[in-house]
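Sequence lines set the chain letters: A, B, ... in the order given, protein chains first and strands last, and positions in each chain run from 1. Only this structure's heavy atoms are used, side chains among them; waters, hydrogens and symmetry mates stay out.
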Amino acid sequence: MTDFLKGLNPVQHQAVTTIAGPVLVIAGPGSGKTRVLTFRIAYLLSQGVKPSSILALTFTNKAAREMKERIGHVAGSNASRVWAGTFHSLFSRILRIEAEEIGYPADFTIYDTEDSKSLIGSIIKEWNMDKEAYPTNGIRNRISSAKSNLLTPKAYEMNAEQMANDAASRIPQFYKIYTEYVARCRKAGAMDFDDLLLQFFRLLQEKPEIAKKYRERFQYVMVDEFQDTNFLQYGILKKLTLYNGSPRNICAVGDDAQSIYAFRGATIDNILDFEKDFAGLQTFKLEQNYRSTKHIVEAANKVIGYNKRQIRKTIWTDQDEGQKIKIIKAINDTEEGRRVIDAIMELKTRDHLPNHEMAILYRTNAQSRIFEEHLRRHNIPYKIFGGQSFYQRKEVKDLIAYLRTVVNYRDEEALKRVINFPKRGIGNSTMSQMAELAAAESITLWDALVKAGPLTRSGKSIVKFIEMMNGFREKTETLNAYDLALWVAKESRLYDEYASDHTIEGISRKENIQALLDGIQEFTESDEEEYTGEVKDKSLASYLQNIALLTDADEGVDETDFVSLMSVHAAKGLEFLAIFLVGLEEQLFPSFMSMNSQDEIDEERRLFYVAITRAKAHLWLTFAQSRYRYGQMRYNEPSRFLEEIDTDNLEDTGGMVQELEAASTPKARVGGAPRPSVQVAASVRAIDPATFRPSPSNEIEAGMKVLHMKFGEGEVMMVDGARDNRVATIFFKEIDNPERRIMLKFAKLMIVE
DNA sequence: AACTGTCGGGTTTTT
DNA sequence: CCCGACAGTT
């Protein structure tokens, strides 16, 4: 019955079979984390736990799907009835049932980021506020973070610290926008992404009998990637598992070293608080890495050692040394692409690696283009994950907006999107009037349109539009989701609008509309809920709520053997035989947006750690000396993270190792003697990256005092070599082995005097 | 109301 | 470079 446990190592075994009470599993990369999670569920099932009383929360749909599939392998058909899915998807499903309890319609719509920004933009415009001072993006982030910290608009206004902060940031009106935003979402019968968590929290908080229902139902709660949970998500977990008489069966799995969503409010404080909140917590550390070879594991350990705050653990492997990590230095971004594809071709022909064992990872999605071009040129099948998802394309959103308006006439953002597309003579000035009317009479935008009637020239168009939409609404009674969507696409003239466009873009738009319709049809035909295994609600409203949470278009790829291209964030949790981590340059990785504090740099470093630990056997690190950015050629230095890898783990090709060594390690050692490890003494005072401005290398001369980010203050003893090859001997008094030879081309030094 | 051209700004990671 | 916002024109 529990034969499947045999393949586990002792710690894994304990983590799987300790099912009573709170459990924390700290799981290093490649340590069999997913295995532990899935086996744990299988073990619960084997012990007679009902599948529907297990709640398994993940962060991505992909992770959830994979988990269910793997439970299926171990536990059979029971697996499909386990509630396994993302926080957002599972809670939205519950909210759909319970929404009316907290004043939302069951057919509430979900505002995506674009809708939220658009709504904030409208508010700022309607109130004639300065949009320089109140940028929609920043306001949205602030609202999101307020919600994630359980600060309601009222609590926000009462919070002196927040208000002082806003005053100092010259956005004293922020709380008013926040208040209005929340009111407008409510009026529109809409929840944004954060609401899916926040409203569920409120439900548990304010409705004891409902809280009781879900507490009784979810006897076993499991959370994957616990390091990425925010305050609100942890709050929900506590609501579900901490109450009088609770069995407190909660199991959190995570790795502080892989926390990469701090920018979104995730905090590893949750891991630290977990111990305090759940007395008797049992902690298991999975430290053996089964994924990668020694060179990769050693490099990863070395790099992450530069981070300050972390939970102590030792990741080790008993695998072979394996191949050393290869570095590619390219002249520019085009050459970087070419050389990565050359390496891919070599892996294919010489090592016979299939495409699906190779991935190109980058910091920003925008970097994918060049690799795409080269792959296409070589006829290598590839798939890009992330980036603009199918459901975010204009034409797809247009049709969805029609459907949203049909389902929920209060949905203001959807209404604004469709009212004059295709053009029907209802322009901006009319809509501004309507918005004013709606505000003045406290009615919805839709009701304002109805009320306006045929008073002006545009009024006739409005009446026609309303009649059309009402016609659609009546059809919901008789048509299924697919037939209705088809009817709407045709009747609204949206389909014709795209079909009459014969440019390449237009054709692809039409195809996307078609693909969306196909997707709706598929939805109406399958019977089981993907994440809960329950009988599916096939209404149009249910469909819309479903797709609002999808990011990757799960379009079936014709090819099954493709090279994967994705951001490092998207790669979390995955593994490949060969990884190409590209664009390793200062400003890009670490990103210039995240160089303002030590904490931000540390998060970038964790991201780098996540990236390199995806590789099982082959790892390439590449950088370009120049690349196009905002239409201009930019020159960047190699990423600091390259210097942080021990040169012993790097393959010596093209002189790269010497260059990096010169940049960051002591003078060349003799023969094969063990080299002193590059330990930075703890006494080096922290240098604030914000004020650190490297001086041009050609200005550095003997006798100067300089600052180095890692080594602190130093005195230049001498400089030898010429132009590009100038090497300085510098005495850094704050570190062990104070005398360092540094290749000026690579080092970042700031002249002090 | 709709279309056209110009200007200036931003520019990360994701449910 | 690639958007979107805006002003000016039809």
Side-chain angles (χ1 to χ4, degrees), chain A residues 57-64 85-92 110-114 116-118 121 124-125 131-132 135-138 140-141 144 147-148 191-198 225 228-230 232-233 259-266 333 361-369 385-389 391-392 394 419-433 456-458 461 545-552 566-573 583 587-596 600 603-604 606-608 610-611 627-634:
Chain A
L57 295 162
T58 64
F59 273 81
T60 63
N61 297 309
K62 209 152 121 199
T86 66
F87 281 85
H88 292 85
S89 70
L90 294 181
F91 298 163
S92 81
I110 297 174
Y111 276 181
D112 65 12
T113 310
E114 207 184 312
S116 297
K117 277 199 282 199
S118 156
I124 288 167
K125 198 168 179 183
K131 34 177 214 201
E132 310 277 289
T136 50
N137 247 327
R140 200 203 69 85
N141 288 338
S144 172
K147 287 186 176 182
S148 304
M191 296 198 201
D192 64 16
F193 287 146
D194 299 306
D195 279 326
L196 295 176
L197 307 177
L198 182 60
E225 310 284 9
D228 290 331
T229 49
N230 61 31
L232 171 56
Q233 286 163 322
S259 156
I260 54 176
Y261 285 107
F263 74 92
R264 210 169 73 187
D333 45 2
L361 307 185
Y362 32 75
R363 177 71 234 278
T364 66
N365 285 307
Q367 286 164 259
S368 68
R369 213 200 68 243
F385 294 83
Q388 212 200 12
S389 99
Y391 296 100
Q392 276 159 10
K394 264 196 189 74
I419 191 151
N420 204 28
F421 189 82
K423 299 242 172 321
R424 45 176 75 88
I426 308 171
N428 290 332
S429 53
T430 306
M431 287 312 286
S432 297
Q433 286 173 32
T456 57
R457 166 164 98 251
S458 58
S461 311
Q545 284 175 6
N546 248 293
I547 57 163
L549 299 169
L550 292 183
T551 45
D552 307 323
M566 64 186 92
S567 71
V568 179
H569 282 88
K572 192 177 62 167
Q587 313 295 321
L588 189 58
F589 198 172
S591 160
F592 70 103
M593 294 293 286
S594 302
M595 298 175 84
N596 305 312
E600 287 183 344
E603 173 141 323
E604 294 286 307
R606 290 193 295 270
L607 200 51
F608 182 76
V610 167
R627 73 172 62 236
Y628 273 103
R629 229 171 154 196
Y630 330 129
Q632 263 183 327
M633 189 69 104
R634 302 286 175 115

Can you confirm whether A:Phe592 is buried at CZ, in the sense that more than 12 heavy atoms of other residues, nucleotides or ligands lie under 6.0 Å from that atom?
yes

Rounded to whole angstroms, how far apart are CZ on A:Phe592 and C1' on B:dG10?
8 Å

Side chains of A:Gln545 and A:Ser92 only: does a donor on one sit below 3.5 Å from an acceptor on the other?
no

Classify A:Asp194 by what it touches in the nucleic acid, base, sugar-phosphate, or nothing, heavy-atom distance under 4.0 Å.
nothing

Would you kindly give the CD-to-P distance between A:Glu225 and B:dT15, to the nearest whole Å?
12 Å

Remember a base hit wins even if backbone is also touched, and classify A:Tyr628 as base, sugar-phosphate or nothing at under 4.0 Å, heavy atoms.
nothing

Would you mind reading off the distance between A:Asn141 atom CG and B:dT14 atom P, rounded to a whole angstrom?
14 Å

So what does A:Ser89 touch, heavy atoms closer than 4.0 Å: a base, only the sugar-phosphate, or nothing?
nothing

Does the structure place the NZ or CZ of A:Lys62 under 6.0 Å from the centre of the six-membered ring of A:Phe385, at an angle of no more than 45° from the ring's axis?
yes

Could you give the start and end, 5' to 3', of the contact zone on DNA chain C for chain A, using atoms under 4.0 Å from its heavy atoms?
C:dC1 to C:dC6

The answer to which of A:Ser429 and A:Glu604 contacts DNA chain B further toward the 5' end, by nearest nucleotide, is A:Ser429

Which is more 5' along DNA chain B, the nucleotide nearest A:Ser567 or the one nearest A:Asn137? Just name the residue.
A:Asn137

Phosphate OP1/OP2 of B:dT11: any A:Thr364 side-chain N/O under 4.0 Å:
no

Under the side chain to side chain donor-acceptor pair (under 3.5 Å) criterion, do A:Ser591 and A:Ser594 qualify, and how do the steps go?
CA-CA 5 Å; A:Ser591 160; A:Ser594 302; 4.5 Å; no

In whole angstroms, the gap separating P of B:dT13 from CZ of A:Phe385 amounts to 17 Å

How many Å lie between NE2 on A:His569 and C1' on B:dT13, as a whole number?
4 Å

Using the test salt bridge (charged side-chain N to carboxylate O under 4.0 Å, His left out), find all partners of A:Arg627 that sit at least two apart in sequence or belong to another chain.
A:Glu336, A:Glu585

Tell me: CG of A:Leu361 to C1' of B:dT13, nearest whole Å?
13 Å

Check this one for me: any side-chain N or O of A:Asn428 less than 4.0 Å away from OP1 or OP2 of B:dA2?
no

Which is true for A:Tyr261 with a 4.0 Å heavy-atom rule: it touches a base, it touches only sugar-phosphate, or it touches nothing?
sugar-phosphate

Answer yes or no: does a side-chain N or O of A:Asn420 lie under 4.0 Å from OP1 or OP2 of B:dA2?
yes

